[in-house]
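Below you'll find the structure, written out as structure tokens, and then a few comments.
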Number of protein chains: 2
Amino acid sequence: MRLSRYFLPTIKENPSEAQVVSHRLMLRSGMILQSSAGIYSWLPLGTRVLKNVERIIRQEQNRAGAYEVIMPTIQSADLWMESGRYNAYGDEMLRIKDRQERDMLYSPTAEEVVTDIGRKFMKSYRDLPQMLYQINWKFRDEIRPRFGVMRGREFLMKDCYSFDLNFEDAQKSYRTMMEAYMRTFTRLGLKAVPVRASSGPIGGDMSHEFQILANTGESLIYYDADLEKLMETETFDIEHLMGLYAADEEMHDAKNCPVPQDRLKSKRGIEVGHVFYLGTKYSDPLKAHIIDKGGQNITVHMGCYGIGVSRLVAAIIEASHDDVGIVWPASVAPFDVALLNLKPDDEKCTKASDDLYLKLQQHCLDVLYDDRSERSGVKFATHDLIGLPWQIRFGSRSLESNTYELKNRRTGEVLENVSWDNLIDAIKGPHKSCCS
Amino acid sequence: MRLSRYFLPTIKENPSEAQVVSHRLMLRSGMILQSSAGIYSWLPLGTRVLKNVERIIRQEQNRAGAYEVIMPTIQSADLWMESGRYNAYGDEMLRIKDRQERDMLYSPTAEEVVTDIGRKFMKSYRDLPQMLYQINWKFRDEIRPRFGVMRGREFLMKDCYSFDLNFEDAQKSYRTMMEAYMRTFTRLGLKAVPVRASSGPIGGDMSHEFQILANTGESLIYYDADLEKLMETETFDIEHLMGLYAADEEMHDAKNCPVPQDRLKSKRGIEVGHVFYLGTKYSDPLKAHIIDKGGQNITVHMGCYGIGVSRLVAAIIEASHDDVGIVWPASVAPFDVALLNLKPDDEKCTKASDDLYLKLQQHCLDVLYDDRSERSGVKFATHDLIGLPWQIRFGSRSLESNTYELKNRRTGEVLENVSWDNLIDAIKGPHKSCCS
């Protein structure tokens, strides 16, 4: 992508309305623009990151054996009356009347609609287990939307729902999804802590939140110090992890806490995922029944599993930035590498930069090519701000030596005299291939 | 994908509510489920097709130089008041009050929001030309939603918007997008006719619809018989095509038609795309101004370009089906090939089918593996209904001969004694590679 032709409206000044660093950096790097309170447009750079996050989540949902569906954003109130949530949900639900004066609503979540799909098509024990997920926009009419896309009103969510024959099978689905979540967050470059949680308006008997530790988090979590050590090892043994104490504020009971005081830690966290064992909370009132092996009519056991997709983009920035800008993990970076032509007025350097731009693309790299007529300092600042993992700084020295100058955005290290082969190896890393 | 574990709720009987063949076949093949009037859930098979259509549209939008963005579905009424459309749009606009009693609406299209993005960030002639597109859900509160996803209320749309310095540049963007549309529809296996059209509530000075000729279409179009001949040649010379007469009912003027009566034809069509040169219809009231080369403040010239993504799925079926089911073009088929184990109770045959299933996947093919304990007749009917391009019918004969029986769903031809190499070549076709 030639930056001179791209739509990347970066902002130099810190926007006054942004209280947290992710909001500030997303506005400054031209990722989003507020449309109305708690509602944002995603500009090209932000859209690229969001789509990368979405892709990783989709791959891990598919790998876990869930099938993708799309449920409507506008839903009839009837189903929600059947479950009893239409009146119970409160003011966060955006209620709508259509032109025929029918009561509709904008989906804040989709248990009712998915249970309706289940009861229509799942009739026998042979039809289970089943997991269906979607990645779609939701709306919750927050009274105080804030922190940019971290707590917006319209947000992108991955919501998955499991259907099982009984409690034991439902626990297996729950575990499968927990494991998928750990893989997902690891691939996104995040360390997420699974925390015992209350189930809130979704309901159900068992629930875990996935929390990213960050000072700007809205949740307070209590956990065993051993958990931090385990997370450091980078080998997530999920059984071990779930055996350690971690609870949110509501679930934590200081008096009866099994962890001794000197090992109990507390930190703020950003909730990026939430899983629930629902039991028959929805399948009972909506009559999602199947015939079991013995010919009996039984109620299916359900679970639901959410990930805040748009919120994750902000959470990744909260976890990965420095004083001058964003530091994207390679897996979600909007481009693999920035190529900075430091002598845009020099014909020879520009010709060589153009050639390098093509050559990098032929190696299946997504390149943001800074071909603007700007000073080097301006280019350095732009690319430190938008935070691609690598910057190739191409100027007279490269032209003369036929080697490259490569900046690692995370470490800040600038490697000089890098050969072509080493350049490609560094940018591609151990995993990136053409097919990935 | 093992069909025994997949979620594919096919229906044997013709659903009474479906009046057109695409609606009937989408319900019968378990692609969609009605959620409320004109609003559908997309089940796994339907979601796969929709995502394939989306992917091709996205690739061609990117190739045309447009950048992907995401604009909110819920928009403030303020912007629409600024453009004057809030009161003018009529009952098809879903109007909403949020919990603060602010007037909001569900986006039926996004000229206002994108013009707002333009006026905030495009300040100079150097910032143009620019094209921004999104693929997102829209809502139009049709008084009579019908024909399934063909005329639903909630629908997936690709909408692109161009920003140019003047009329001449805007014409170039318009032409670029016309060409992208021709490539897109060709890749989707469709012959779409560009038709001069009236601009309706979107407005503007010039407009073309893209119509798929089909008896079930809602539009009546008049065109030069030469146009059909040109479309048959499969080499779309867009200049030539646009030189030939084609107009919708509203634009067609029988008295002043330049085509002699004996060459004038009329047919029904399904509108799948619509492009508009908007001029300054939105940029004027919303004050999207830029500084031109001479330092003058001028109003940008805009265009907008829509494709009905979810409607296209139905349109493809209208154009490509037979008496027993759907016939998917390979580019959008939910899987590349069906593998039918015709002896599911035979251990040897099942082992060999299982092996073949793995081997096909190793060749980067998406395989729907019918491993159900069902009679061959049932399996044939299922796969003719859901319409994958190829069916491998694996039974005793294949097991003994070490060759394959391959059905071409489009021609109905069943090839026997097919070697492994010929099997792979046939299914992959000339273009499919691992990276595609």
Side-chain angles (χ1 to χ4, degrees), chain A residues 1 4-7 9 30 33 35-37 39-44 46-48 50-51 65 67-76 78-79 91-92 94-96 98-100 102 104 106 113-114 116-117 120-122 126-127 129-130 132 134 136-137 139 141 143 153-154 156 364 434-435, chain B residues 1 4-7 9 30 33 35-37 39-44 46-48 50-51 65 67-76 78-79 91-92 94-96 98-100 102 104 106 113-114 116-117 120-122 126-127 129-130 132 134 136-137 139 141 143 153-154 156 364 434-435:
Chain A
M1 184 72 65
S4 62
R5 295 185 199 156
Y6 197 42
F7 186 62
L33 172 67
S35 176
S36 48
I39 301 177
Y40 291 83
S41 288
W42 289 72
L43 304 181
T47 301
R48 280 184 163 251
L50 189 67
K51 293 281 171 192
Y67 303 128
E68 187 168 7
V69 298
I70 304 166
M71 290 178 274
T73 61
I74 300 297
Q75 305 181 348
S76 163
D78 295 351
L79 272 177
D91 287 341
E92 275 191 18
L94 189 66
R95 291 156 211 266
I96 301 167
D98 73 6
R99 70 190 291 176
Q100 316 274 16
R102 283 175 296 214
M104 313 291 286
Y106 196 119
V113 170
V114 85
D116 183 51
I117 293 173
K120 284 197 171 117
F121 295 122
M122 300 172 197
R126 281 186 298 260
D127 298 330
Q130 200 58 266
L132 302 176
Q134 67 169 346
N136 207 352
W137 295 91
F139 200 96
D141 203 355
I143 184 90
R153 296 198 289 168
E154 183 167 332
L156 190 62
C364 295
C434 278
C435 286
Chain B
M1 183 73 65
S4 63
R5 294 184 199 156
Y6 196 43
F7 186 63
L33 172 67
S35 178
S36 49
I39 302 178
Y40 291 82
S41 288
W42 290 73
L43 304 180
T47 301
R48 279 184 164 253
L50 189 65
K51 293 280 171 191
Y67 304 128
E68 188 169 7
V69 298
I70 305 166
M71 290 177 274
T73 63
I74 300 297
Q75 306 180 348
S76 163
D78 295 350
L79 271 179
D91 287 342
E92 276 192 16
L94 190 66
R95 290 156 212 266
I96 301 167
D98 73 6
R99 70 190 292 177
Q100 316 274 19
R102 283 174 296 214
M104 311 291 285
Y106 197 121
V113 170
V114 86
D116 183 49
I117 293 173
K120 284 198 170 116
F121 294 122
M122 299 172 197
R126 280 186 298 260
D127 298 330
Q130 199 59 265
L132 302 176
Q134 67 169 346
N136 207 352
W137 296 89
F139 199 95
D141 203 354
I143 185 90
R153 295 199 289 169
E154 185 168 331
L156 190 61
C364 296
C434 279
C435 286

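A, B, ... follow the sequence lines: proteins, then strands. Residue 1 opens every chain. Since this is a predicted model, take the numbers as computed values, not measurements.
Across every non-hydrogen atom of B:Ile39 and A:Ile74, the tightest pair is CG2-O, 3.5 Å. Of all non-hydrogen atoms in A:Phe121 and B:Phe7, the two that sit nearest each other are CB-CZ, 3.8 Å. The two residues A:Ile143 and B:Arg99 come nearest to each other via the heavy atoms N-NH1, 3.3 Å. Residue B:Ala37 comes nearest to A:Arg102 through the heavy atom pair CB-NH1, 4.0 Å, listed as atom of the first residue, atom of the second, then distance.
At a threshold of 4.5 Å between non-hydrogen side-chain atoms, the residues B:Tyr67 and A:Arg5 count as touching. For the pair B:Met104 and A:Leu94, the minimum side-chain heavy-atom distance is 4.5 Å or more.
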**Message:** Apply side chain to side chain contact (heavy atoms under 4.5 Å, CB included) to residues A:Trp42 and B:Glu68 and explain how you reach the verdict.
**Reply:** CA-CA 9 Å; A:Trp42 289 72; B:Glu68 188 169 7; over 6 Å; no
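In terms of heavy-atom pairs under 4.5 angstrom with chain A, the leader among B:Asp127, B:Asn136, B:Asp78, B:Ile96 is B:Ile96. By number of non-hydrogen pairs under 4.5 angstrom with chain A, the leading residue of B:Tyr106, B:Tyr40, B:Trp137 is B:Tyr106. Chosen from A:Arg48, A:Gln100, A:Lys51, A:Glu92, the residue pairing most often with chain B at heavy-atom distances under 4.5 Å is A:Lys51. Of the residues considered (A:Met1, A:Arg95, A:Arg126, A:Gln75), A:Met1 shows the highest number of contacts with chain B, using heavy-atom pairs under 4.5 Å. In terms of non-hydrogen atom pairs under 4.5 Å with chain A, the most contact-rich of B:Ser36, B:Gly30, B:Pro9 is B:Pro9. The choice from B:Asp91, B:Asp141, B:Ile117, B:Leu33 that makes the most heavy-atom pairs within less than 4.5 Å of chain A is B:Asp141. Taking chain B as the reference chain and counting heavy-atom pairs below 4.5 Å, the highest number among A:Ser4, A:Pro72, A:Pro44, A:Gly65 is found for A:Pro72.
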